[in-house]
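Scroll down for the structure; my scribbles are underneath it.
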Amino acid sequence: QVQLVESGGGLVQPGGSLRLSCAASGFTFSSYAMSWYRQAPGKERELVAAITSAGGSTNYADSVKGRFTISRDDARYMVYLQMNSLKPDDTAVYYCNADRSGIDIATMLSYEYDYWGQGTQVTVSS
């Protein structure tokens with residue numbers, strides 16, 4: 001069974017920090033790119049941060065650059081999102097995502113696998 005379980009969300013004051021964690025199981029974690037998405041009420045889900053399967057490259061939404069840091073620990077099957085200098089606009093449900101795509105060598109057919117967690121609530125408010 002494929003499973004992604006987020007934790008670490010909660011209520012924090014503006015300017016504060018939180019560290020989100022995502023525990024993965026049921027798939028070859030090291031072969032997947034990992035991402036964090038978020039969705040606020042009435043808004044579409046948006047990409048927050050991503051990291052490649054090798055961990056050599058990261059990408060961030062413009063709104064969080066310089067404040068958030070994504071990292072992964074393949075030995076522990078974990079991905080993290082360190083969030084600093086939090087703003088009220090960061091309030092959302094944060095989701096962990098695992099993605100793998102490419103060409104299957106045996107069949108020469110393209111493939112894509114995409115898994116999601118249930119999310120963890122982050123609320124930034126005074």
Side-chain angles (χ1 to χ4, degrees):
Q1 65 267 348
V2 174
Q3 192 170 19
L4 298 173
V5 181
E6 301 96 334
S7 63
L11 176 64
V12 65
Q13 293 183 234
S17 297
L18 284 174
R19 183 176 184 250
L20 305 184
S21 298
C22 175
S25 62
F27 62 99
T28 307
F29 180 81
S30 62
S31 298
Y32 284 73
M34 300 298 296
S35 303
W36 287 96
Y37 286 74
R38 68 186 181 188
Q39 187 168 26
K43 296 185 178 180
E44 296 183 358
R45 188 173 298 188
E46 64 173 341
L47 176 66
V48 176
I51 187 167
T52 60
S53 59
S57 182
T58 58
N59 193 34
Y60 299 91
D62 289 340
S63 60
V64 306
K65 285 182 179 178
R67 299 189 297 120
F68 291 10
T69 303
I70 188 171
S71 61
R72 65 190 296 157
D73 186 342
D74 288 351
R76 296 173 182 249
Y77 282 29
M78 297 287 291
V79 62
Y80 307 96
L81 185 68
Q82 178 66 47
M83 306 186 294
N84 300 324
S85 302
L86 284 163
K87 305 174 181 180
D89 285 348
D90 295 320
T91 296
V93 177
Y94 284 71
Y95 297 91
C96 182
N97 171 261
D99 179 79
R100 183 186 181 190
S101 62
I103 303 296
D104 184 278
I105 301 301
T107 65
M108 298 302 293
L109 297 176
S110 63
Y111 65 86
E112 184 170 1
Y113 300 99
D114 195 12
Y115 305 122
W116 294 90
Q118 291 299 118
T120 184
Q121 177 70 49
V122 172
T123 302
V124 185
S125 176
S126 299

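Here the structure is a predicted model, which is why all the values come from computation and not from measurement.
Rounding to the nearest 0.5 Å places CG of L4 at 7.5 Å from OG of S25. Here the OG-CD1 distance, from S110 to I103, works out to 5.0 Å after rounding to the nearest 0.5 Å. Rounded to the nearest 0.5 Å, atoms CG (L18) and OG1 (T120) are 9.0 Å apart. Rounding to the nearest 0.5 Å gives a distance of 6.0 Å between CD1 of I70 and OG of S35. Atom CD1 of I51 and atom OG of S71 lie 6.5 Å apart (nearest 0.5 Å).
The side chain to side chain donor-acceptor pair (under 3.5 Å) check on E46 picks up R38, with sequence neighbours excluded. In terms of the salt bridge (charged side-chain N to carboxylate O under 4.0 Å, His left out) criterion, residue partners of K65 (sequence neighbours excluded) are, by chain and number, D62. For D99, the side chain to side chain donor-acceptor pair (under 3.5 Å) criterion is met by no residue, not counting sequence neighbours.
No donor-acceptor pair under 3.5 Å is formed between the side chain of T28 and the backbone N or O of S30. Under a 3.5 Å cut-off, the side chain of R72 and the backbone N or O of A54 do not form any donor-acceptor pair. Here the side chain of E6 pairs a donor or acceptor atom with the backbone of G119 at under 3.5 angstrom.
Linking ILVMFWY residues whenever their side-chain heavy atoms come closer than 4.5 Å, directly or via other members, leaves Y113 and L109 in distinct clusters. The hydrophobic cluster containing V2 also contains V79, counting ILVMFWY residues as joined when their side-chain heavy atoms lie under 4.5 angstrom apart, directly or transitively.
Think of Y80 as one node in a network of Ile, Leu, Val, Met, Phe, Trp and Tyr side chains linked at under 4.5 Å; its network also takes in M78. Membership of the apolar cluster around L47 extends to Y37, V93, Y95, W116, as traced through chained side-chain contacts below 4.5 Å between ILVMFWY residues.
With a 4.5 Å cut-off on side-chain heavy atoms, R67 and D90 count as touching. Residues P14 and P88 form a side-chain contact, since some pair of their non-hydrogen atoms from C-beta on lies under 4.5 Å apart. When side chains are defined from C-beta on, Q82 counts as touching S17, because their heavy atoms get closer than 4.5 Å. Counting heavy atoms from C-beta on, the side chains of Q39 and Y94 never come closer than 4.5 Å. Put simply, the side chain of Y115 reaches to within 4.5 Å of the side chain of Y32, judged on heavy atoms. For the pair S7 and S21, the minimum side-chain heavy-atom distance is below 4.5 Å. Within the 4.5 Å cutoff, side-chain heavy atoms of D114 are placed close to those of N97.
For residues 59-78, the pairs satisfying ring pair (Phe, Tyr, Trp, His ring centres under 6.0 Å) are F29-Y77, with sequence neighbours left out.
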| query | Taking it one step at a time, do S125 and Q13 satisfy side chain to side chain contact (heavy atoms under 4.5 Å, CB included)? | reply | CA-CA 5 Å; S125 176; Q13 293 183 234; over 6 Å; no
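Under the side-chain contact (heavy atoms from CB on, under 4.5 Å) test applied with M83, the options V122, V124, T69 reduce to a single match, V122.
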